[in-house]
Amino acid sequence: MINIKDNLDKIKAQIQQACQQSGRLIPYTEQVKQSLPVSLLAVSKTKPAALIEQAYLAGQHDFGENYLQEAVEKITQLAHLPELNWHFIGPIQANKTKQIARYFSWVHSVDREKIARRLNQHIQDDNCHNTPLNICLQVNISNEESKSGVAIDDILSLADIVNNCDKLTLRGLMAVPEKNAGNDCYEKMQQLFIQLQKHYPSVDTLSLGMSNDLPQAVAHGSTMVRIGSAIFGARTYKN
Ligand SMILES: *Cc1c(COP(=O)(O)O)cnc(C)c1O
């Protein structure tokens, strides 16, 4: 049987090691253990609520989901757990923005103006949402035809739109580099992130790194890794 707590511990050790190797941490002490500069998002898509609850009981409070309908079912099932933060990380269709705004506290995959404006409008209309919605812009860093994400040249104008939406807080950038992408791709993301931070004081999040590229992402300034299969096991269907 899969041991979620062991897997979480292994990932945290891997983050710690990657931070040290890339000079982002002084060698291990109890003190730095408290302040890892990289947070862990557990990606629970396709996995049942019972496994998410196991991770929660092991101290994991941030979870990422890609598919809205599946996510809403699990969010509803786990509504009794306090301080659980849901992050939407999948492609966004405009007709899904209302539910995304209602159920999630973070959205990593905003890649066009229409989506930003609709999320902002829904929160305005939906009085129960009392904190700003945290937004990362998804960047099409590998410039792939098929991938979602804003083009590099359009990041700043989209950032400006999000920044001007009063129910949204611009937190940073997200990317899914293509498999076996070289370091230049990660360096570019790091530069874009630093550049965005100079423009907007609210920007503190570079959402980069998955089960297969965690060390590479951490070496290039990632502040949040999104880890699925290394925590919950391989998924049985695509994605
Ligand atoms: C599925 C997914 C992840 C997690 O991928 P793993 O390889 O299972 O760690 C991270 N980010 C996004 C956007 C995903 O769709």
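Both ligands and their constituent atoms are indexed starting at 1 by order of listing.
- Between the side chains of Arg226 and Ser207, at least one donor-acceptor pair of N or O atoms lies under 3.5 Å.
- Using bins of under 30°, 30° to 60° and over 60° for the plane-to-plane angle, the ring pair Tyr56/His61 lands in the parallel bin.
- Between the side chains of Lys198 and Gln195, no donor-acceptor pair is found at a separation under 3.5 Å.
- Taking 4.0 Å as the cut-off, Asn212 does not count as a neighbour of ligand 1 on heavy-atom distance.
- Counting non-hydrogen atoms of neighbouring residues, nucleotides and ligands closer than 6.0 angstrom, the NZ atom of Lys98 reaches no more than 12 such neighbours.
- Within a 6.0 Å radius of CG in Asn180, no more than 12 heavy atoms belonging to other residues, nucleotides or ligands are found.
- Atoms of ligand 1 lying under 4.0 Å from any heavy atom of Arg226, numbered from 1 in the order shown and given with element: 4 (C), 9 (O), 10 (C), 11 (N), 12 (C), 13 (C).
- Residue Ser211 holds the heavy atom nearest to atom 9 (O) of ligand 1 of all those in Pro91, Ser211, Ala234.
- Looking at ligand 1, you'll find an N or O of Gly228 within less than 3.5 Å of one of its N or O atoms.
- Side-chain atoms of Asn3 and Gln54 include no donor-acceptor pair closer than 3.5 Å.
- Within the 4.5 Å cutoff, no side-chain heavy atoms of Thr169 are placed close to those of Ile135.
- When heavy-atom distances to ligand 1 are checked against a 4.0 Å cut-off, Ile89 comes that close through both its backbone and its side chain.
- In this structure, Arg235 has a heavy atom closer than 4.0 Å to ligand 1.
- Short contacts between ligand 1 and Asn66, defined as distances under 4.0 Å to a heavy atom of the residue, involve ligand atoms 14 (C), 15 (O).
- Of the candidates Lys45, Gln138, Met174, Lys45 brings a heavy atom nearest to atom 14 (C) of ligand 1.
- Taking every heavy atom of Ile227 and a limit of under 4.0 angstrom, the matching atoms of ligand 1 come to 9 (O).
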